[in-house]
Number of protein chains: 2
Amino acid sequence: MAKHDPDLSLLFHALADPTRRSILTRLAETPAQVTDLAGPTGLRLPTVMRHLSVLEEAGLISTSKDGRIRTCAIVPEALDPVRSWLDEQRAIWEARLDRLDAFVMNVMKERAE
Amino acid sequence: MAKHDPDLSLLFHALADPTRRSILTRLAETPAQVTDLAGPTGLRLPTVMRHLSVLEEAGLISTSKDGRIRTCAIVPEALDPVRSWLDEQRAIWEARLDRLDAFVMNVMKERAE
DNA sequence: GCGATAGTTAGCGACATGGCTAAGCATGAT
DNA sequence: ATCATGCTTAGCCATGTCGCTAACTATCGC
């Protein structure tokens, strides 16, 4: 089903980079233009641009250009699929927690040897 | 804060691959040995091994070897940091939306004058 | 011991990622 | 018109990722 969900892969991949996460956090406070985003990172503009396009392709931010200034803003609902997936997983995992518990304890015991 | 959290990067990167997510989902039902995990993926053993070690390094699964059989199991609490980060982000995002709300209200009030 | 089974290691190839510089627009200010 | 600003494009380099095969080790069953 969601085995080959491209959205999730894009999202997770976009989130896997510290720079991109920090850009996201920065954007969470207020929309910003590209140069403003580049500043704190210490990275060059083209590099930041690349990160931004990764974020945009994942649907995490949206950008628009007014004059020569591109403004970037977060897309709050973009994380919903991630959240859903997590909830889904947790549901399954917890349903099996009884068996897992015993097994994990066993592993830990073995590791302790 | 958790801006440059290496754990998060490892976790997100591990989750960014469909094969790894399907392995996780499979493992959520019951622990399994490597060959059993390889089956459904259609991938070769060394490839699956690599995915497993990525998952293990991210702390998402734990494995132990008994005789010639390596058994893999999920580590349910491993997703907690991801969940926390999501919650954190949502908190900021929502706070910003509130402020935006207030801003819009303010503008409207000013316009009404 | 022998052969089948389960996993591991080494290493290859194709491609993606993340950084950079240099050069090229397009727009805004003077 | 000119110059500075803000972004964009093209392209380079080092490294990482994901798949594979081939060969190896280690165990289990007979």
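Being a predicted model, the structure only gives us computed values, none of them experimental.
- Between Gly42(A) and Val34(B), the residue anchored nearer the 5' end of DNA chain C, judged by the nucleotide with its closest heavy atom, is Val34(B).
- At whole-Å resolution of the value, CE in Met49(A) and P in dT21(C) are 17 Å apart.
- Atom-to-atom distance recorded for Leu79(A):CG and Arg90(B):CZ is 9.5 Å, nearest 0.5 angstrom.
- Between atom CG of residue Leu8(A) and atom CG of residue Asp17(B) there is a gap of 12.0 Å, rounded to the nearest 0.5 Å.
- Proximity note for Pro46(A) (side chain, C-beta onward) versus dG6(D), dA4(C), dT9(D): the nearest is dT9(D).
- Side chain of Arg44(A), nearest nucleotide from dG19(D), dC20(C), dT8(C): dC20(C).
- Residues from residues 57-65 of chain A lying near DNA chain C, meaning a heavy-atom separation below 4.0 Å, are absent.
- Here OG of Ser62(A) is found 7.0 Å from CD of Glu56(A). Values are rounded to the nearest 0.5 Å.
- In this structure, the CG atom of Leu43(A) is 13 Å from the C1' atom of dT17(C), given to the nearest Å.
- Note that CG of Leu60(B) is 9.5 Å distant from CZ of Arg20(B), once rounded to the nearest 0.5 Å.
- We find that CD of Glu56(A) is positioned 14 Å from C1' of dT8(D), with the value rounded to whole Å.
- When distances run from any side-chain atom of Thr47(A) to the nucleotides dT8(C), dG19(C), dG7(C), the shortest one goes to dG19(C).
- When all heavy atoms of Ala32(A) and Leu27(A) are compared, the pair lying nearest together is N-CD2, 3.7 Å.
- Between Phe12(A) and Trp85(A), the ring-plane angle classifies as perpendicular under the 30° and 60° cut-offs.
- Annotation: the terminal axes of the helix from dG1(C)-dC30(D) to dT30(C)-dA1(D) meet at 20°, where each axis is the rotation carrying the C1' atoms of four end pairs onto the next four (5 pairs per end, rounded to 10°).
- For the pair Thr35(B) and dG7(C), the criterion of a side-chain N or O lying under 4.0 Å from OP1 or OP2 is met.
- The side chain of His13(A) approaches dT17(C) more closely than any other nucleotide in the set dT17(C), dC18(D), dT5(C).
- Leu45(B) places its CG atom 14 Å from the P atom of dG19(D), with the value rounded to the nearest Å.
- One atom, CD1 of Ile23(B), and another, P of dC18(D), lie 11 Å apart when rounded to the nearest Å.
- Taken from CG in Leu37(A) to OG1 in Thr19(A), the straight-line distance is 12.0 Å, to the nearest 0.5 Å.
- Between Gly67(A) and His51(A), it is His51(A) whose nearest contact on DNA chain C lies nearer the 5' terminus.
- Relative to the side chain of Arg68(A), the nucleotides dC18(D), dC7(D), dG28(C) differ in distance, and dG28(C) lies closest.
- Taking atom CZ of residue Arg70(A) and atom P of nucleotide dG28(C), one finds them 14 Å apart after rounding to whole Å.
- Closest to the Gln33(B) side chain, of the nucleotides dA6(C), dA22(C), dC20(D), is dA6(C).
- Enclosure of atom CG in Asp66(A) is not indicated, since only 12 or fewer non-hydrogen atoms of other residues, nucleotides or ligands lie within 6.0 angstrom.
- Side-chain proximity of Arg20(A) to the nucleotides dA6(C), dC20(D), dG18(C) is greatest for dG18(C).
- As a whole-Å value, the separation of Arg50(B) CZ from dC12(C) C1' is 12 Å.
- As a whole-Å value, the separation of Asp17(A) CG from dG19(C) C1' is 11 Å.
- At most 12 non-hydrogen atoms from other residues, nucleotides or ligands lie less than 6.0 angstrom from CZ of Arg50(B).
- Note that CZ of Arg83(A) and CG of Leu86(B) are 5.0 Å apart. Values are rounded to the nearest 0.5 Å.
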